[in-house]
Amino acid sequence: MAGLHKKFAFFGLLKLWMLMPVSSRGPVYTPPNVERVTDQFRRISVSQGYNVFYGGSNVHLTNNGTSADLILDKSSGSGLVSKNRYYYGFFSAAMKLPAGFTSGIVTAFYLSNQDLFPHNHDEIDFELLGHEKRRQWVLQTNLYGNGSVGTGREEKFYLWFDPTQAFHEYSILWNNHHIVFLVDNVPVREVIHNGAISSAYPSKPMSAYVTIWDGSKWATHGGKYPVNYSYAPFATSLRGIEMEGCIRENSAACSKRSVSSLDPVDGQEFAKLSQLQTTGLEWARGKHMFYSYCQDKSRYKVLPPECTTAK
Ligand SMILES: *[C@@H]1O[C@H](CO)[C@@H](O)[C@H](O)[C@H]1NC(C)=O
Ligand SMILES: *[C@@H]1O[C@H](CO)[C@@H](O)[C@H](O)[C@H]1NC(C)=O
Ligand SMILES: *[C@@H]1O[C@H](CO)[C@@H](O)[C@H](O)[C@H]1NC(C)=O
């Protein structure tokens, strides 16, 4: 009897656990202390920095344009594109992702110039991938340079917080020295601009985008779990925008003149990671990264050169 009781108690608890939101289940991770990069730049409103990219009726500006909700429903996803193009810069947004059943959904915060350079475009991506039941949102980072679309440079992480419960900051620092992806100011990835990656290093002006869209074909377990619109609408909320860079409509103007004098992230403090940032980077990668293209030998018989070059 006692055994039977225990068994019921166990399944009862299991059931309770399965009904609990993901947030309350996982262990709580506290990241190491790092400098705040995001307080060094001016905050702008969403409407100051961005225009509607697509799905206009699903872009809802809130608080007089300071913030916005980007909606995905059966009719459309939605997106914003920066009013300016930037050649190097700092790009940040605080985002809160849709809660509940979100398989197949992609929220992307990224830089691209595919519209201007369809055959040799550059791109720097944060992609947040929705999940099936009992899993968590996945953070994916990626980049392309000068049309290197044949080589995916993805890395994937589980976040150390529940991104649906509060706003968290996702930031990209891009200059001639390196590209740094930061989450709540903790660097999760650094791409150093060295000889090994030079031909694939993003080196032309880009626009900044924020989008929510249906990635049913690939986003969750390679497409096994598509978007289920009985849970729609899905909303990603956005605020705390920072966007500072060398603004040029004409790519030649930025690259031919000294970028340094125009580039707000060219200072010594942006040239390399600090000791605290390096500690944060190692913590994020050691504890939370679960995929790196540099370790994917079944995909790359010969790993891309930057994977095997000592930094
Ligand atoms: C709303 O935004 C506009 C332009 O961004 C600004 O001029 C105006 O003062 C703002 N209104 C309020 C109530 O903050
Ligand atoms: C970028 O690609 C173009 C055409 O594909 C090529 O001509 C050019 O040399 C490349 N630039 C760099 C920096 O690799
Ligand atoms: C979508 O979710 C609803 C509600 O949970 C469920 O009844 C339906 O079977 C789901 N559809 C698919 C295609 O999984």
Side-chain angles (χ1 to χ4, degrees), residues 15 18-22 42-52 59-69 72-75 80 82-84 87-88 93 98-105 111-124 129-135 143-151 153 164 174-179 191-206 214-234 238-243 248 251-256 259 304-306 309:
K15 209 165 156 194
M18 287 170 70
L19 289 170
M20 277 156 69
V22 178
R42 197 168 45 105
R43 289 248 157 122
I44 57 172
S45 69
V46 171
S47 51
Q48 278 174 316
Y50 289 97
N51 289 325
V52 169
V59 173
H60 299 171
L61 293 177
T62 49
N63 298 317
N64 194 29
T66 312
S67 50
D69 290 333
L72 167 69
D73 62 19
K74 187 90 193 153
S75 71
L80 300 167
S82 62
K83 292 183 176 173
N84 297 307
Y87 188 33
Y88 298 147
F101 191 85
T102 52
S103 68
I105 295 170
L111 312 176
S112 175
N113 51 30
Q114 186 149 30
D115 55 334
L116 280 190
F117 303 97
H119 303 297
N120 61 332
H121 90 284
D122 306 288
E123 200 175 301
I124 302 176
L129 312 177
H131 57 90
E132 27 129 359
K133 251 183 242 157
R134 299 198 289 113
R135 289 261 174 184
L143 79 153
Y144 299 109
N146 207 32
S148 64
V149 292
T151 307
R153 293 184 157 87
T164 71
W174 169 45
N175 64 23
N176 189 38
H177 306 287
H178 56 180
I179 295 164
V191 180
I192 294 174
H193 191 184
N194 57 22
I197 199 162
S198 61
S199 67
Y201 194 84
S203 302
K204 298 190 287 295
M206 293 195 272
D214 183 329
S216 285
K217 290 208 174 74
W218 65 275
T220 308
H221 287 258
K224 195 168 153 201
Y225 300 98
V227 176
N228 184 333
Y229 284 100
S230 39
Y231 297 98
F234 307 100
L238 187 72
R239 67 184 194 200
I241 305 298
E242 293 176 26
M243 200 151 43
R248 287 293 137 134
S251 59
C254 248
S255 53
K256 289 208 180 113
V259 172
E306 72 275 12
T309 310

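Heads up: numbering here begins at 1 and tracks the sequence. Heavy atoms only: backbone and side chains are in, while hydrogens, waters and symmetry mates are out. Keep in mind the model is a prediction, meaning the values are calculated, not measured. In each ligand, atom 1 is the first atom listed, and ligand 1 is the first ligand listed.
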Trainee: The criterion is side-chain contact (heavy atoms from CB on, under 4.5 Å); which residues satisfy it with Ser199, sequence neighbours excluded?
Mentor: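 Ser199: no side-chain contact (heavy atoms from CB on, under 4.5 Å) contacts found.
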
Trainee: Determine the sole option in Thr66, Leu80, Asn63 for which the side-chain contact (heavy atoms from CB on, under 4.5 Å) test with Val46 is passed.
Mentor: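 Per the side-chain contact (heavy atoms from CB on, under 4.5 Å) rule, the option paired with Val46 is Leu80, out of Thr66, Leu80, Asn63.
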
Trainee: Would Ser47 count as being in polar contact with ligand 1, using the rule that some N or O on each side must be under 3.5 angstrom apart?
Mentor: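 No - when backbone and side-chain N and O of Ser47 are compared with those of ligand 1, no distance drops under 3.5 Å.
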
Trainee: Determine whether any heavy atom of Tyr231 lies closer than 4.0 Å to an atom of ligand 3.
Mentor: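 Tyr231 counts as a contact of ligand 3 under the 4.0 Å cut-off.
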
Trainee: By number and element, which atoms of ligand 3 are closer than 4.0 Å to a non-hydrogen atom of Ser230?
Mentor: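 Answer for ligand 3: 1 (C), 2 (O), 3 (C), 4 (C).
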
Trainee: Taking the side chain from Lys204 and the backbone from Leu116, do they hold a donor-acceptor pair closer than 3.5 Å?
Mentor: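 Checked: no pair found.
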
Trainee: Using atom types as modelled and distance alone, determine if a side-chain donor or acceptor of Ser103 lies under 3.5 Å from a backbone N or O of Pro226.
Mentor: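 Pair found, side chain donor or acceptor close to backbone of Pro226.
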
Trainee: Minimum heavy-atom separation for Asn113 and Asp122, please, with both atom names.
Mentor: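 Answer, listing the atom of Asn113 first, then Asp122: OD1-N, 2.7 Å.
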
Trainee: Any donor and acceptor pair, going by atom type alone, linking the side chain of Ser203 with main-chain N or O of Tyr201 inside 3.5 Å?
Mentor: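 Here the side-chain-to-backbone pair exists.
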
Trainee: Are the side chain of Trp174 and the backbone of Pro202 linked by a donor-acceptor contact shorter than 3.5 Å?
Mentor: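 Pair found, side chain donor or acceptor close to backbone of Pro202.
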
Trainee: Hey, what polar pairs (N/O, under 3.5 Å) does ligand 2 make with protein?
Mentor:
from	atom 1	to	atom 2	distance (Å)
ligand 2	2 (O)	Asn146	OD1	3.3
ligand 2	2 (O)	Asn146	ND2	2.5
ligand 2	11 (N)	Asn146	ND2	2.8
ligand 2	14 (O)	Asn146	ND2	3.3

Trainee: Ignoring hydrogens and geometry, is there a side-chain-to-backbone donor-acceptor pair from Ser216 to Val227 under 3.5 Å?
Mentor: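 Yes, Ser216 side chain to Val227 backbone: donor-acceptor pair under 3.5 Å.
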
Trainee: Could you list the atoms of ligand 1 found under 4.0 angstrom from a heavy atom of Asn64?
Mentor: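 This gives 1 (C), 2 (O), 3 (C), 8 (C), 10 (C), 11 (N), 12 (C), 14 (O) as the contact atoms.
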
